[in-house]
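Predicted, not measured: the structure shown is a model, and the values here were computed from it. A note on names: the letters A, B, ... follow the listed sequences, proteins ahead of strands, and every chain is numbered from 1. Hydrogens, waters and symmetry mates play no part in the numbers below; they use all other heavy atoms, side chains included.
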Protein chains: 2
Amino acid sequence: MSQPAELCEEGRLALIRDVLERIGDKWSVVVICQLDDTTRRFNELSRMSSPITKRMLSATLQGLERDGLVTRTVYDTKPPRVDYALTPRGISLLKVVRELAGWAEANAAGILESRSGYDAR
Amino acid sequence: MSQPAELCEEGRLALIRDVLERIGDKWSVVVICQLDDTTRRFNELSRMSSPITKRMLSATLQGLERDGLVTRTVYDTKPPRVDYALTPRGISLLKVVRELAGWAEANAAGILESRSGYDAR
DNA sequence: ATACCAGGTCTGACATTGGTACCTTCCACC
DNA sequence: GGTGGAAGGTACCAATGTCAGACCTGGTAT
């Protein structure tokens with residue numbers, strides 16, 4: 001098995017930071033979650049992610065495409081149509097995000113409690 | 001079992017964003033990893049996390065303490081001494097971070113390749 | 001005198017984000 | 001003929017957030 005070993009080894013920390021910069025921005029996770037297992041069009045994503053602007057959606061999708069997490073398929077039809085979907089790599093990331101979500105749900109209450117305790121000092 | 005179900009449900013996305021804001025900053029993960037299973041002093045962490053400034057280390061630790069992820073123990077000795085350690089909640093978060101690290105390692109090469117392909121278009 | 005401990009403060013640079021406006025092509029409407 | 005909408009963006013600017021660096025604290029030990 002892989003040994004947990006040196007978690008703080010320099011290179012490893014750099015890798016983690018890389019992933020966090022990828023999914024740590026404001027919209028990447030939202031978009032990834034909404035792509036989930038289907039393909040979606042640009043404006044569809046725009047509507048689903050409610051207060052996101054086209055500008056941010058576009059930038060987010062470009063970043064995800066650059067890292068090979070989503071595919072962008074352009075159909076040269078009368079009104080242009082562009083489909084986005086998760087790649088296998090994107091799907092594997094989504095699994096990790098689900099773990100994160102699980103942790104978040106399990107600990108949200110405790111964290112909020114801890115915060116209010118801390119703030120009231 | 002817990003159904004994966006509505007991952008993009010509003011509240012759930014908000015929770016994920018919360019966690020990501022917590023660990024998505026520049027130093028939290030570094031500090032958490034270095035606390036791992038031992039207790040460490042302020043300057044010890046400062047040295048281990050190399051280019052971190054005291055200001056950022058202090059801020060990071062305060063954030064982590066606020067969320068109940070680390071404990072801060074002050075000894076009122078001649079030169080002041082403050083020990084930091086992960087709480088059980090912090091340890092559970094570290095496990096998730098390890099998963100993240102695993103994904104990062106497994107996908108780093110592919111991502112870099114994808115990036116250079118994208119940039120060279 | 002100097003350095004270590006554990007920080008706090010203050011300023012300025014830089015990155016991220018939001019908002020608005022604009023573009024192109026097709027189509028429907030009046 | 002002109003207006004305006006949808007599709008999928010891009011360009012530019014302003015506000016905001018994040019971070020580093022330099023300096024200050026105060027007590028103790030060398």
Side-chain angles (χ1 to χ4, degrees), chain A residues 13-14 16-32 34-35 38-67 70-85 118-119 121, chain B residues 13-14 16-32 34-35 38-67 70-85 118-119 121:
Chain A
L13 282 176
I16 301 178
R17 278 242 41 80
D18 238 47
V19 185
L20 286 175
E21 267 160 39
R22 167 72 281 149
I23 64 171
D25 66 5
K26 198 162 180 188
W27 298 108
S28 288
V29 169
V30 176
V31 171
I32 290 173
Q34 260 140 6
L35 284 174
T38 47
T39 125
R40 304 217 179 264
R41 302 181 56 173
F42 186 87
N43 275 348
E44 196 177 358
L45 287 169
S46 183
R47 272 176 249 117
M48 294 176 70
S49 316
S50 52
I52 196 178
T53 62
K54 287 163 186 281
R55 152 143 173 49
M56 287 314 295
L57 179 55
S58 177
T60 302
L61 286 168
Q62 279 176 30
L64 295 173
E65 191 197 354
R66 188 168 101 102
D67 284 359
V70 311
T71 55
R72 178 170 184 270
T73 318
V74 182
Y75 300 94
D76 202 11
T77 55
K78 322 108 190 244
R81 174 205 178 103
V82 183
D83 280 359
Y84 292 93
Y118 184 94
D119 293 344
R121 288 184 335 189
Chain B
L13 281 176
I16 301 178
R17 278 243 41 80
D18 237 47
V19 184
L20 286 175
E21 265 159 41
R22 167 72 284 148
I23 64 172
D25 65 5
K26 198 161 181 188
W27 297 108
S28 288
V29 168
V30 175
V31 171
I32 290 174
Q34 259 139 9
L35 284 174
T38 47
T39 126
R40 304 215 180 266
R41 302 182 54 175
F42 186 86
N43 273 352
E44 196 176 358
L45 287 169
S46 182
R47 271 176 250 114
M48 294 175 70
S49 316
S50 50
I52 197 177
T53 62
K54 286 164 185 286
R55 147 140 175 53
M56 285 315 294
L57 179 56
S58 178
T60 301
L61 286 167
Q62 280 175 30
L64 295 173
E65 191 198 354
R66 187 168 104 102
D67 284 0
V70 311
T71 56
R72 179 170 184 269
T73 319
V74 181
Y75 301 93
D76 202 11
T77 54
K78 322 92 188 261
R81 173 205 179 105
V82 182
D83 281 358
Y84 293 92
Y118 184 94
D119 293 343
R121 288 185 333 187

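For the pair A:R81 and A:E44, the salt-bridge criterion is not met [side-chain N within less than 4.0 Å of a carboxylate O]. Salt-bridge annotation for B:R40 and B:D83: absent, with no side-chain N of the basic residue lying under 4.0 Å from a carboxylate O of the acidic one.
Each of A:G24 and A:K54 has a nearest nucleotide on DNA chain C; the 5'-most of these lies closest to A:G24. If B:D83 and A:P51 are placed on DNA chain C by their nearest nucleotide, the residue sitting closer to the 5' end is B:D83.
Across all strands shown, A:Y75 has no heavy atoms under 4.0 Å from either base or sugar-phosphate atoms. Looking at heavy-atom distances under 4.0 Å, B:Q62 makes contact with sugar-phosphate atoms alone, never a base. Residue B:R40 is classed as having no contact, given no heavy-atom separation below 4.0 Å to the nucleic acid. Residue-level contact check: A:E44 touches neither bases nor backbone, having no heavy atom under 4.0 Å from any strand. Within the nucleic acid shown, A:K26 comes within 4.0 Å of sugar-phosphate atoms alone, with no base atom in reach, counting heavy atoms only.
Looking at B:S46, its side chain never comes within 3.5 Å of a backbone N or O of B:F42 through a donor-acceptor pair.
Proximity of B:Y84 to B:T71: side-chain heavy atoms (C-beta onward) are nowhere separated by under 4.5 Å. Counting heavy atoms from C-beta outward, A:I52 and A:V30 have side chains that stay 4.5 Å or more apart. Looking only at side-chain heavy atoms (C-beta outward), A:R41 and A:V82 stay at 4.5 Å or farther from each other. The shortest distance between side-chain heavy atoms of A:R66 and A:Q62 does not fall below 4.5 Å.
Relative to the side chain of A:N43, the nucleotides D:dA7, D:dT10, C:dA6 differ in distance, and D:dA7 lies closest. The side chain of A:K78 approaches C:dC26 more closely than any other nucleotide in the set D:dC19, C:dT17, C:dC26. Closest to the B:S58 side chain, of the nucleotides D:dG9, C:dG8, D:dA20, is C:dG8. Distances were taken from every side-chain heavy atom of A:V82 (C-beta onward) to each of D:dG9, D:dA20, C:dA6; the shortest belongs to D:dG9.
We find that CE of A:M56 is positioned 15 Å from P of D:dA11, with the value rounded to whole Å. Put simply, CG on B:D76 is 12 Å from P on C:dG7, counting in whole angstrom units. In this structure, CZ of A:R81 is placed 18 Å from P of C:dC26, rounded to the nearest angstrom. Rounded to whole angstrom, the span from the CD atom of B:E21 across to the P atom of D:dC19 amounts to 12 Å. In this entry the distance linking CG of A:D25 with C1' of C:dA15 reads 12 Å, nearest Å. Straight-line distance from the CG atom of B:L45 to the P atom of C:dC4: 18 Å, rounded to whole Å.
Taking only side-chain nitrogens and oxygens, B:R47 comes nearer than 4.0 Å to OP1 or OP2 of C:dC5.
Counted by atom type alone, A:D25 and A:S28 present one or more donor-acceptor pairs between their side chains at under 3.5 Å.
Side chain B:R55 to base C:dG8: no donor-acceptor pair is found below 3.5 Å.
The rotation axes computed at either terminus of the helix from C:dA1-D:dT30 to C:dC30-D:dG1 lie 30° apart, taking five pairs at each end and rounding to 10 degrees.
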